[in-house]
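The shown structure was predicted, so the numbers you read here are calculated from the model rather than taken from an experiment. In the text below, chain A, chain B and the rest are named by the order of the sequence lines, each starting its count at 1. Just the heavy atoms: all of them, side chains too, but no hydrogens, waters or symmetry mates, feed the values below.
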2 protein chains.
Amino acid sequence: MGKPTTKDLAKAAGVSLATIDRVLNARLGVRQSTVERVQKAIKEIGFVRDMAAANLARSKEYRLVFLLPDHDDEFIDLVQGAIAEANMSMAHERTNVSIIRAPSNNPHQIAFVLDNLSAEDVDGVAIMAPETPQVRDSIARLDARGITVVAFVSHQLTAQTPCYVGINNEAAGRTVGQLMGRFTGERHGSILVLTESMQSRDSQERRLGFDSIMAKYAPRLRVCASMENYGDPVRAAKIVKAALSAQQDVVGIYLMNHDIRETMQTIIAQGTPKETIIIGHELTPQTRAQLVEGTMDAVITQDVGHMVRSSIRLLRAKAAGVETLASQERIRVEIILRENMPEES
Amino acid sequence: MGKPTTKDLAKAAGVSLATIDRVLNARLGVRQSTVERVQKAIKEIGFVRDMAAANLARSKEYRLVFLLPDHDDEFIDLVQGAIAEANMSMAHERTNVSIIRAPSNNPHQIAFVLDNLSAEDVDGVAIMAPETPQVRDSIARLDARGITVVAFVSHQLTAQTPCYVGINNEAAGRTVGQLMGRFTGERHGSILVLTESMQSRDSQERRLGFDSIMAKYAPRLRVCASMENYGDPVRAAKIVKAALSAQQDVVGIYLMNHDIRETMQTIIAQGTPKETIIIGHELTPQTRAQLVEGTMDAVITQDVGHMVRSSIRLLRAKAAGVETLASQERIRVEIILRENMPEES
DNA sequence: GTAGAAGTGATGTACGTGCCTCAAAAACTT
DNA sequence: AAGTTTTTGAGGCACGTACATCACTTCTAC
């Protein structure tokens, strides 16, 4: 005979199906002694409930939301594409994912958007936003309202510590360090580090990891202070130009943030010795092209599709109160060279 | 109102549920004109069927089988672990995965095992076995019996070309080549290539990719002919010892097969200059340890858990006659250094 | 040549899958 | 007896399936 069902359980515990249901869903209105009797029966007959059937009966749709920055760069595009794709394949699994945008440099606005999410309309939110007190508090309120939260790409420090779906940024920095050390051969010189901002925890962690490895394995190289462009293309170009003129011995460049359009353009326009090693983050159409033509040497990336699906699974599981397969959710720090570049989308 | 259901479809098409069902499952006994009417209605109201409910109603379990080699090495262990883990989390989704072992060096035995699989007991098979005519024919017979097949890790050439779940081995070889060229700096010397056997297509592809990159980017290095150990530990040790004594200028070693226990042991015992770059395949407890202690410099790997889950999804989808999300199933050629090594299991 | 039997293909009916839920009954409290 | 708490029953979610039904053909016998 097959797996035990609620019916078998009911018989085994000597109660009705409805009571079983209340115990399974930890709802109240069941005497403690009955709860225990049922739980004993569950263990005895080895009952595992069929969540597919449960969701069907509940005729419940999981409504999930991704909160993304409202500016458009290639990385956000990738994320949006991955969400759209996931949404397609999740339609079968009664899950509906939507996207909300909010200006990433305005914590109050983000908090406002989050606070306006009602448990009536939404079961879970994946938040991609800088780590600010306002957002932290909003997350706490979401949690209080029974909306589950995961931090997407960027960490969020909260009391309830929502899951973080993204790479270990220190490991990413260390990996870049190791590659930079190896790829520059035995050359001496300085390394430029370009970033959007060192304010964010992610940047700090990457830098930390990078420095630790550079100090340990490539002391011959001088790592310059991080240069911030604050997301301003003009400033980005100016900084790079100035740095390349000032430093004649640049042997490597670490592009720490993912939006590198202007930066790379300027570097190429300015011209660098062809041995200059350039390593950046995130596999986008831009970095792909750069890898192919050899202007970039390596890209450290996280699988965006995987992250999106992982977030969805986590949110669904948390919303349904189910365990998840942790190993499947771990996001790897991937190294992409020209040779192992996956085919496009 | 929510998604359209079969009931809505039936009304829209002006037929009963049973007819809808017949059309959806491409069963016979429906007039062509009716089929067309239903299909038109499907498109019109945008019907997508709820596979969860379908499977529930069918009260069907997908019974899948992995055919693995019957010898035990660390890679097989990983695969078995991943299967066990997947089995746990798939229990909810009415899927049951089991493992069958067969000697990988005996094609007739493998064919025999496959031929004994009945469509009564099994819906799909993931085959990890060398590419032989016997297995090819067995796959054709499986297909004829209505059992779906995917090739797991190793390619299988068949008329029906079953899906292959595994990495692009040529890309893997190219990636090793690029790393080898980079990591050896500007040094000159020779590169050893050690493998179990060059008979298999996978090995040939890896070698091809490796050679192409070495020739192009590191002509200063001399790549030696592949040395085969035929899976024999004693022979493996002897070969390595001989090679290292004969070649005084070894700057890099490419370990092409995944079972490298004796080989690495011998290399370490024999002693090589510490700058010798050693690159191998598959992240196992062994290669992890080697990476940590610095005796290996990089490992090219495929995510075993991902591959197992991917195979399961593919088999289920094919067995159910459903489309799959291709991008999710693509297996990446992963580069693992000490710095980006994922935590164990 | 036609009524009737028998056969064939197309379509519908009713109930089942494992679980949830609402209303109503039963078992306890005060 | 009224008020609570606990339990039950019946019906539903979106779909599948054995069996029943219906409309035609084809064949036989008169």
Could you tell me how far apart [X] ([atom1]) and [N] ([atom2]) are, to the nearest whole angstrom?
X     : N      : atom1 : atom2 : answer
A:L28 : D:dT5  : CG    : C1'   : 11 Å
A:I42 : C:dC19 : CD1   : C1'   : 14 Å
A:L17 : D:dT6  : CG    : C1'   : 16 Å
A:Q32 : D:dT7  : CD    : P     : 11 Å

Nearest to the side chain of [X], heavy atoms from C-beta on, is which of [options]?
X     : options                : result
A:A57 : C:dC19, C:dT21, D:dA14 : C:dC19
A:V15 : D:dT8, C:dG12, C:dG18  : D:dT8
B:A53 : D:dT17, C:dC20, D:dA14 : D:dA14
B:D21 : C:dG18, D:dG16, C:dT21 : D:dG16
A:S16 : C:dT21, D:dT8, D:dG16  : D:dT8
A:L56 : C:dG18, D:dG16, D:dT6  : C:dG18

Worksheet item: Quick one: do A:R27 and A:D21 make a salt bridge, cutoff under 4.0 Å?
Response: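 Yes.
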Report yes or no: do B:S138 and B:R141 form a side-chain donor-acceptor pair below 3.5 Å?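 The criterion, which ignores hydrogens and geometry beyond distance, is satisfied for B:R141 and B:S138.
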With a 4.0 Å limit, can you tell me whether A:R58 has a side-chain N or O closer than that to the phosphate oxygens OP1/OP2 of C:dT21?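 False: A:R58 side-chain N/O out of range (4.0 Å or more) of C:dT21 OP1/OP2.
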At 4.0 Å (heavy atoms only), tell me whether A:A54 reaches a base, stays on the sugar-phosphate, or touches nothing.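 Sugar-phosphate: the residue A:A54, judged by heavy atoms under 4.0 Å, touches backbone atoms but no base.
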Which part of the nucleic acid, if any, lies within reach of A:T19 when heavy atoms closer than 4.0 Å are counted: base, sugar-phosphate only, or nothing?
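Base contact - A:T19 has a heavy atom under 4.0 Å of at least one base atom.
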Is there a donor N/O on one and an acceptor N/O on the other, under 3.5 Å, for the side chain of B:R22 and the base of C:dG12?
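Indeed there is one.
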For DNA chain C, whose closest nucleotide is more 5', that of A:K7 or that of A:N25?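 Nearer the 5' end of the strand: A:K7.
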